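Hydrogens, waters and symmetry mates play no part in the numbers below; they use all other heavy atoms, side chains included. As the structure is a prediction and not an experimental result, all values here were calculated from the model.
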Amino acid sequence: MVPTIFCILPFLYLFIVITFASTEEATALLKWKATFLNQNNSLQASWTLSSPAGTKNSSRIEATSSDACRGWYGVVCVNGRVNRLNITNASVIGTLYDFPFSSLPFLEYVDLSMNQLSGTIPPEIGKLANLVYLDLSVNHISGTIPPQISSLTKLETLHIFGNQLNGSIPREIGRLRSLTDLALSSNFLSGSIPASLGNLNNLSFLYLYNNKLSGSIPSEIGKLVNLVEAYISRNQLTGHIPPEIGNLINAKLFYAFYNNLSGPIPDEIGKMKSLEYLSFQTNNLSGPIPKTTGDLTELKLLHLYSNELSGPIPSELGKLKKLNDLQLSNNQLTGPIPGSFGNLRNLQFLYLRANKLSGSIPKELAYLDNLVIMQMDENQFSGHLPEHLCQGGKLENFTVNSNKLTGPIPRSFSKCSSFKRVRLDNNSFTGNLSEAFGIHPHLYFINLSENDFHGELSSNWGKCKSLTDLRVARNNISGSIPPEIGNLKGLQGLDLSSNHLVGQIPRELGKLTSLVKLSVQNNNISGNIPIELGSLTKLESLDLSNNKLNGSIPTFIGDYQHLFHLNLSCNKFGQKIPKEIGRITHLSVLDLSHNLLDGEIPAQLASLLDLANFNLSHNSLSGRIPEEFESLTGLQDVILSYNELEGPIPNNKAFMNASLEGNKGLCGNVTGFQPCKRPSSIVKKHSMAKGLKLILITVLPVMGALVLLCAFIGVLFMCNKRRRVRDVERRDSSDDVDGLISISTLNGNALYWDIIKATKEFDAMFCIGKGGSGSVYKVKLPTLENVAVKRLHSSFEVTHRKSFMNEIRSLTRIKHRNIVKLYAFCSNAQHSFLVYEYMEKGSLSSILSSEVESKKLDWLTRVNAIKGVAYALSYMHHDYSPAIVHRDISSSNVLLDSEYEARVSDFGIAKILKPDSSNCTALAGTYGYVAPELAYTMKVTEMCDVYSFGVLALGVIKGKHLGDYITVLANSSSRDHVQLSDLLDERLPYPEDSVKSWFYHQASKLMFA
């Protein structure tokens, strides 16, 4: 019996130890859980104690058995001890400060990713000596990476990407010799890449992209012989590419784009025989493309664009038969395209634009049956286009604009049904245009401008149902505008300017209700403007100048509320200028010169507060220049010459330098004009004598009363002034949003006068933008450097004071890195303005509308901008109480700082949601971004912003608002036919696989939301 007991005792002891230890682990995890700021997550119902029957729950956190191993969410035990902890995406809001590092000695696997953990990584993390896998990615963790992490010598996977870490990568990380996967991307890490990384002999995956790392790529990187993927892009790395990179013979992917690397690409690059993806785009690399690049026979993607590479394209690239994506644009490459490119039968994307390439386009390119995109614009190519370029039937994007190409368009182009985007502009192409193109069902953009095409416009253009932009300007096209163009329901841009078109404007163009820009200037078009064009209410630019149009200017032009450019000059329009033009509040350019207009200038034009260029010259206008024009402070160029105007010239800076010659009756303090005479005050003496008595009897009592009244008002004014001074002094030290000026850290009065002085009391020269509510000025202050001052129009402040106060109340209380910071505000009798932090890059809208600036917004930058807006909305909707609905999320209200970080702005119509209210409101927001359900429910919820965010996200990816195409995405029957390429901005290279997967994921969520 005794020996049996002695055999059982060790097992009994082990059972007691394991039970006690697991109990301690459960207790420690519960103590950590108690620190979470939200208890409504996946752990709440699962991480609880198993109380013995008949006992009451205690407020003490103390486990009585091995609770953690009995079905706790995300907890896995081995031999009764906690071995794995996986609570990814569990909506945990907390920190790691109370994590039980010391109480979990057997922990091997930890995944806390995609939560809302904040604070720093405690040095105690080094106590998890058995840890093999650690993932803290996609949280809000800040601070530095503690060097104690080097104690985790068994660690194989370390993921801390997508946080807010700063400081340098500790050199101690080189001690983690078991590490195979290191991901520190998308943080704020600085300093150099430590040479100690070369000690990580087992490392297969290295992700350091999207940080602020500097210095050179260490030569020790060549020691990582097991490296498969290396992402070190989007940093600030300098220096040369080390030749030791050739030692990475197992590497399949090496991305170092968007840095400041210089010098040549080393010849040793040819030793990386396993390489499939190589990108050095957007650096300062120089010298030739190494011929050894042709030895990378597994290569599928080669991106070397936006550098300073020179010399010819090596013919050895023709050996890369698996190549799918070749992009060499924006360099200084010379010479012809090698004929060996005809061997690249798997090539889908070929970008050679903006180089100095010359010679003819080789006929061998016709062998590229899989080619989808071919961009060779802005070079010096000459000769004819090869006949069979489109024979593969897959070519969608073909751009050869801005070259020296000649001859007719190949006949095969008329049958190329795959075309989606074509640019042949700015060449010397000839031939009959009506025969060059056929019916292209997928074509949405074509530019044939600035060539020598002749013939007439074919009615077949009206059968290209997908067309959104048709440009055939500056050719020798004759005949009339085909009415079939009116069948293009989605057409947004039509430019037929500078040709020899005759006839009238077809009334069928009135069906183009999506049209944004219409340009038919410099032709011989006659007749009236058809009344059917009144339906083109989305127009932003209308240019019908230099034709033979007659009749009156139609009043429906006042319905073009989005118009900013209107040019009807050099026609034969008669009668009066319609006063309805004054309703086009965003109009910036108005040119009605060289017509037969008569009557007076309508005073209603003074409502055009955004007007900068104003030309009514060479007409028969009479009467006075409306004195209301003095309020048009944004005017820059005014031309009113050769009319019959008279009277005083408005006291406005633009009128002081205006062209006013040829008007016989104008006067004022302007060079070249007589001063205006004052009204005569001479009366006859006998009339004065006769009326003197009456004047004395009537006026003296009134004057006496006025004197007494003035004295009384003066006393009240002095008392009120003292009270206002006391109020201002009191409000300067407070945050009361109704004061003269209110800020948290600066002296209000001093800042007020600094702004007035710096802007010369809001002179137009400091204005950087205008909107319906006011103008924005860039102001350099001694205390804040550059700030943006939004000055409200006086009329807007009176009628929209509630909006003004909404913006103040919202911005003075919310604090978030992706929401614009409000420094101060002012609301007094003279001025009403808001003082923000200055955003160097301006709005998303302005950047995306610029051909040059939009190209600086690469795919990852756009993704980050979208994410920034998402973070801001998440904060406003879920982390702020009561929740705030912005109600006007649009590309115009998203600003970018110098690092292209997104900030949400303009809270003028924001609504604070009240739990006990219906939250109904009037319809508000930017056209095209407003949720459809708001139009008929009038009920504001967070989903209003979510809809606008979806529209914004798709617009940023596309590079412009999708317009009516959004309804296509919302239609389940047509959604399956939408391709990723349909949603992409054609001005950018096709995105890499990692970005494409993100787009697919986000687009599917938006389309099926």
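A donor-acceptor contact under 3.5 angstrom links the side chains of R987 and S854, judged on distance only. Side chains of Q327 and S329: a donor-acceptor N/O pair is absent below 3.5 angstrom, by distance only. Remark: the D377 side chain and the Q375 side chain contain no N/O donor-acceptor pair separated by less than 3.5 Å. A donor-acceptor pair shorter than 3.5 Å cannot be found between the side chains of H454 and N475. Judged purely by distance below 3.5 Å, without hydrogens or angles, the side chains of K322 and N346 never pair a donor atom with an acceptor atom. No hydrogens or angles considered: nothing links the side chains of T861 and N864 as a donor-acceptor pair under 3.5 Å. Between the side chains of T399 and N401, no donor-acceptor pair of N or O atoms lies under 3.5 Å. Side-chain contact check for N284 and S262: no donor-acceptor pair (N or O, by modelled atom type) lies under 3.5 Å. Remark: the S846 side chain and the S849 side chain contain no N/O donor-acceptor pair separated by less than 3.5 Å.
Annotation: cation-pi geometry not satisfied between K867 and Y900 (NZ/CZ under 6.0 angstrom from ring centroid, within 45° of ring axis). Cation-pi geometry between R421 and F445 is satisfied (NZ or CZ under 6.0 Å from the ring centre, within 45° of the ring normal).
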Worksheet item: Going through the checks in order, is the salt bridge (Lys or Arg N to Asp or Glu O under 4.0 Å) test met by D369 and K394?
Response: CA-CA 7 Å; D369 298 340; K394 296 181 181 179; over 6 Å; no

Item to complete: Evaluate side-chain contact (heavy atoms from CB on, under 4.5 Å) for Y209 paired with Y258, printing each intermediate quantity in order.
Response: CA-CA 10 Å; Y209 65 87; Y258 275 95; over 6 Å; no

Worksheet item: Between L333 and N379, does a side-chain contact (heavy atoms from CB on, under 4.5 Å) hold up when you go through it step by step?
Response: CA-CA 10 Å; L333 299 172; N379 280 286; over 6 Å; no

Item to complete: Apply salt bridge (Lys or Arg N to Asp or Glu O under 4.0 Å) to K271 and D295, showing your working.
Response: CA-CA 8 Å; K271 298 179 181 179; D295 297 333; over 6 Å; no

Practice prompt. May I have the step-by-step check of side-chain contact (heavy atoms from CB on, under 4.5 Å) for D858 and R234, ending in yes or no?
Written response: CA-CA 11 Å; D858 63 279; R234 298 187 61 82; 3.2 Å; yes

Item to complete: Give the C-alpha distance, both sets of side-chain angles, the deciding distance and a yes or no for side-chain contact (heavy atoms from CB on, under 4.5 Å) between S891 and S843.
Response: CA-CA 7 Å; S891 58; S843 70; over 6 Å; no

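Panel note: side chain D425, backbone L448; no donor-acceptor pair is recorded below 3.5 Å. At distances below 3.5 Å, at least one donor-acceptor pair connects side-chain atoms of S458 with backbone N or O atoms of N460. N403 places no side-chain N or O within 3.5 Å of a backbone atom of S382 that could act as its donor or acceptor partner. Using a distance-only test at 3.5 Å, with no hydrogens or angles considered, a donor-acceptor pair links the side chain of D495 to the main chain of S497. Side-chain N or O atoms of N283 include one that pairs as donor or acceptor with a backbone N or O of L261 at under 3.5 Å. Not a single donor-acceptor pair under 3.5 Å links the side chain of N330 to the backbone N or O of A354. The main-chain N or O of V472 is never found under 3.5 Å from a side-chain atom of N447 such that the two would form a donor-acceptor pair. When atom types are taken as modelled, the side chain of N260 and the backbone of T238 share no donor-acceptor pair closer than 3.5 angstrom. Side chain of N343 to backbone of F341: no donor-acceptor contact under 3.5 angstrom is found. No donor-acceptor pair closer than 3.5 Å links the side chain of S414 to the backbone N or O of A436.
Distance check, rounded to the nearest 0.5 Å: CG of N487 to CG of L467 gives 12.0 Å. Going from atom OG1 of T468 over to atom CG of L470 covers 10.0 Å, rounded to the nearest 0.5 Å. Going from atom CZ of R862 over to atom CG of L857 covers 5.5 Å, rounded to the nearest 0.5 Å. Taken from OG1 in T282 to CZ in F257, the straight-line distance is 8.5 Å, to the nearest 0.5 Å. A distance of 8.5 Å separates CG of N546 from CG of N523, quoted to the nearest 0.5 Å. We find the OG-CD distance between S274 and E298 to be 7.5 Å, quoted to the nearest 0.5 Å.
Annotation: H442 is not in aromatic contact with Y444 [ring centroid separation under 6.0 Å not met]. F254 has its ring centre no less than 6.0 Å from the ring centre of Y231.
In this pair, H440 and F419 present their aromatic rings tilted. The plane angle is within the 30 to 60° band. Under the 30°/60° scheme for interplanar angles, the aromatic rings of Y277 and Y255 are found to stand perpendicular.
Residues S466 and P441 approach most closely at OG-O, 2.7 Å, considering heavy atoms. Here the closest non-hydrogen pair linking L424 and I409 is CD1-CD1, 3.4 Å. In plain terms, the two heavy atoms of L896 and I847 that are nearest each other are CD1-CD1, 3.5 Å. In this structure, F381 and I337 approach most closely via the heavy-atom pair CZ-CD1, 3.6 Å. Taking all atoms of both residues into account, the shortest heavy-atom contact from P266 to P242 is CG-O, 4.2 Å. Nearest heavy atoms, N307 versus F280: ND2-O, 3.1 Å.
When the shell of 6.0 Å around NZ of K363 is examined, it contains 12 or fewer heavy atoms from other residues, nucleotides or ligands. A 6.0 Å sphere centred on NZ of K404 holds no more than 12 heavy atoms belonging to other residues, nucleotides or ligands.
Contact annotation: the side chain of L309 approaches that of L304 to within less than 4.5 Å [non-hydrogen atoms, C-beta and beyond]. Counting heavy atoms from C-beta outward, V589 and N567 have side chains that stay 4.5 Å or more apart. Under the 4.5 Å side-chain criterion, counting only non-hydrogen atoms from C-beta, L285 is in contact with I241. When side chains are defined from C-beta on, T406 does not count as touching T430, because their heavy atoms never get closer than 4.5 Å. Two residues are said to be in side-chain contact when any heavy atoms from C-beta on lie closer than 4.5 Å; L984 and K958 fail this criterion. Under the 4.5 Å side-chain criterion, counting only non-hydrogen atoms from C-beta, L328 is in contact with I313. Side-chain contact between I232 and L213: absent, with no pair of heavy atoms (C-beta onward) separated by less than 4.5 Å. The closest side-chain heavy-atom distance from L515 to L539 is below 4.5 Å.
Taking the charged nitrogens against the carboxylate oxygens, K319 and E316 have no contact shorter than 4.0 Å, which rules out a salt bridge. A salt bridge does not link K517 with D543: none of the charged nitrogens is closer than 4.0 Å to a carboxylate oxygen. Here K300 does not pair with D325 in a salt bridge; the nearest charged N to carboxylate O distance is not below 4.0 Å. Looking at D267 and K291, no side-chain N of the basic residue comes within less than 4.0 Å of a carboxylate O on the acidic one, giving no salt bridge. The pair R471-D469 meets the salt-bridge criterion, with a side-chain N (NZ, NE, NH1 or NH2) lying under 4.0 Å from an Asp/Glu carboxylate O.
Tested against M374 for a side-chain contact (heavy atoms from CB on, under 4.5 Å), the candidates L389, L347, N397 yield a single pass: L389.
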